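Comments concern the structure below.
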Amino acid sequence: MSEHEKFQDLRPDRNLALELVRATEAAAIRAAPFIGRGDKNAADGAAVDAMRKFLGTVDFDGVVVIGEGEKDEAPMLFNGEHVGTGNGPACDIAVDPIDGTSLTAAGRQNAISMIAVSDRGTMLDASTVFYMDKIACGPEGIGIVDIRKPIGENIRALAKAKGKDVSEMRVAVLDRPRHAQLIEDVREAGAGTRLLLDGDVAGSINAARHDSSIDLCVGTGGSPEGVATACAIKALGGFIQGRLAPKTDEERQAGIDAGLKMDFVYEADDLVSGQNTFFVATGVTNGGLVRGVRRKGPIITTESIVMRSRSGTVRRIQADHLADRWY
């Protein structure tokens, strides 16, 4: 390869995430008045409407592969909907205007607005099977951690790879009755748990970040969220595996009919095969990943995290918005 060709490969190209962040900021700002008000549907409706309007201004041809309608019966941002101007790159898109609607309604931490994007045809459509067993961590877990192994074995192996004592390990798990045995097993292995009320997307991303206190995220959560999380994990150079967990024979058969593989461990490239993934999240309420929406006088402040796998960049964006333009 000539020096000119090398330069062509290295020249900057468009970071779509820097445009998409406007949509997550808008969704978070619109949801903020509903924090702690006990009405998750009102919060979600406001966020969906704002995100969709801003997505319509972005120069790309997006098709919603993982949408809001499947989960929350929303009339917008449904699976198969086209978003964007129709110009620019053809992409698959996963959206969750509020990941953590119950958290928002209750005024609890860790609610985010998020968008994940990959090249067209590269994002797994796992919508026919709602749940997935997942495990995620940083790059130290590659070739070390495996969802098929007992959790204690994974914790010990990852601790060794990270140069930590097992007692220093912190494992994020959704606080659900289905995880009672898993939580007990983590603690019996000598590690500590960080129980999540909701939002295992943020939990998995935190497990993959180099500056996080979370070492591992494990448990059963939404399959669509697992696919969206893979976009972020690839940008972080981290590790994720998923295995579909149908709850009924009918759901299992529906997944098979849709081309999904049962009893199969999906690696990051199986969940999202594209190598140019984007992930954007803006905080709705405060959390370990990003701070929530804050208002002081005439200014609304948002914090977002923007990731891209091709460049391996992670940016944090703090933005001040004039409140009278929003309310």
Side-chain angles (χ1 to χ4, degrees), residues 41 44 48 62-83 91-97 99-102 114 116-136 145-151 154 173-183 185 196 198-201 203-204 217-234 239-274 277:
N41 290 331
D44 195 54
V48 169
V63 172
V64 178
V65 174
I66 298 169
E68 185 72 0
E70 290 292 318
K71 182 178 63 175
D72 295 324
E73 299 182 356
M76 296 184 291
L77 297 178
F78 54 84
N79 287 24
E81 182 177 0
H82 280 256
V83 294
C91 301
D92 287 346
I93 179 169
V95 300
D96 200 340
D99 180 35
T101 52
S102 296
M114 54 141 284
V117 176
S118 187
D119 297 331
R120 177 69 52 80
T122 62
M123 197 176 282
L124 181 71
D125 181 358
S127 58
T128 50
V129 178
F130 188 77
Y131 285 109
M132 176 184 285
D133 300 327
K134 293 173 277 189
I135 191 166
V145 171
D146 195 303
I147 199 170
R148 288 160 288 213
K149 296 178 181 177
I151 187 61
N154 278 323
V173 186
L174 280 173
D175 190 6
R176 300 287 188 273
R178 64 178 178 265
H179 290 150
Q181 185 60 55
L182 174 60
I183 291 167
D185 291 344
L196 308 173
D198 213 338
D200 65 340
V201 173
S204 294
C217 187
V218 64
T220 305
S223 298
E225 286 84 352
V227 176
T229 302
C231 289
I233 297 293
K234 293 182 80 163
F239 171 84
I240 186 170
Q241 287 178 328
R243 183 170 52 199
L244 294 168
K247 297 303 178 185
T248 65
D249 290 340
E250 291 77 12
E251 188 181 24
R252 181 183 181 89
Q253 189 57 53
I256 292 171
D257 293 344
L260 298 175
K261 301 176 184 178
M262 303 299 143
D263 307 312
F264 174 80
V265 175
Y266 284 87
E267 307 285 345
D269 283 341
D270 299 313
L271 296 169
V272 183
S273 60
T277 65

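All figures in this text were calculated on a predicted structure; none of them were measured in a lab. Just so you know, these numbers use all the heavy atoms, side chains as well, and skip hydrogens, waters and symmetry mates.
Taking both residues in full, the closest heavy atoms of G67 and V64 are given as CA-CG1, 3.4 Å, listed atom of the first, atom of the second, then distance. Among all heavy-atom pairs drawn from T128 and G255, the shortest one is OG1-CA, 3.5 Å. Of all non-hydrogen atoms in G221 and L174, the two that sit nearest each other are CA-CD1, 4.4 Å. The two residues M123 and V65 have their closest heavy-atom pair at O-CG1, 4.0 Å. Here the closest non-hydrogen pair linking G219 and L182 is CA-CD2, 3.8 Å.
Considering CZ of R176 and CG of D198, their distance stands at 5.0 Å, rounded to 0.5 Å. D125 CG to L260 CG: the interatomic distance, rounded to the nearest 0.5 Å, is 7.5 Å. In this structure, the separation between CG on D92 and CG on D119 is 8.5 Å, given to the nearest 0.5 Å. We find the CD1-OG1 distance between I233 and T277 to be 10.0 Å, quoted to the nearest 0.5 Å. Annotation: the span from I66 atom CD1 to C231 atom SG amounts to 7.5 Å, rounded to 0.5 Å. Summarising the geometry, atom OG belonging to S223 is positioned 8.0 Å from atom CZ belonging to F130; distances are rounded to the nearest 0.5 Å.
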- Item | Steps toward side chain to side chain contact (heavy atoms under 4.5 Å, CB included) verdict (D175, L196) | CA-CA 5 Å; D175 190 6; L196 308 173; over 6 Å; no

- Message: Checking V145 against F239 for the side chain to side chain contact (heavy atoms under 4.5 Å, CB included) test, could you report, in this order, the C-alpha distance in whole Å, the side-chain angles of both residues, the deciding distance, and whether it holds?
- Response: CA-CA 8 Å; V145 171; F239 171 84; 3.6 Å; yes

- Message: Between R243 and Y131, is the side chain to side chain contact (heavy atoms under 4.5 Å, CB included) condition met? List the steps.
- Response: CA-CA 9 Å; R243 183 170 52 199; Y131 285 109; over 6 Å; no

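Every residue two or more places apart in sequence or in another chain that forms a side chain to side chain donor-acceptor pair (under 3.5 Å) with D200 is listed here: K134.
For residues 256-270, the salt bridge (Lys or Arg N to Asp or Glu O under 4.0 Å) pairs, not counting sequence neighbours, are K234-D269, R252-D263.
By the 4.5 Å heavy-atom criterion applied to side chains, I135 and I240 are not counted as neighbours. The side-chain heavy atoms of V218 and V173, taken from C-beta on, include a pair separated by under 4.5 Å. At least one side-chain heavy atom of M262 sits less than 4.5 Å from a side-chain heavy atom of V129. In this structure, M114 and V95 have side chains that are not in contact, with every pair of non-hydrogen atoms separated by 4.5 Å or more. Contact annotation: the side chain of V63 never approaches that of I93 to less than 4.5 Å [non-hydrogen atoms, C-beta and beyond].
Only one option out of I147, L271, V272 pairs with Y266 in a side chain to side chain contact (heavy atoms under 4.5 Å, CB included); it is L271.
The backbone N or O of E250 sits nowhere less than 3.5 Å from a side-chain atom of Q253 that would complete a donor-acceptor pair. S204 contributes no side-chain N or O that, together with a main-chain N or O of T229, makes up a donor-acceptor pair within less than 3.5 Å.
For the residue pair T220 / D133, a side-chain donor-acceptor distance below 3.5 Å is found, with atom types taken as modelled. Defined by atom type and a distance below 3.5 Å, a donor-acceptor pair is present between the side-chain atoms of D185 and Q181.
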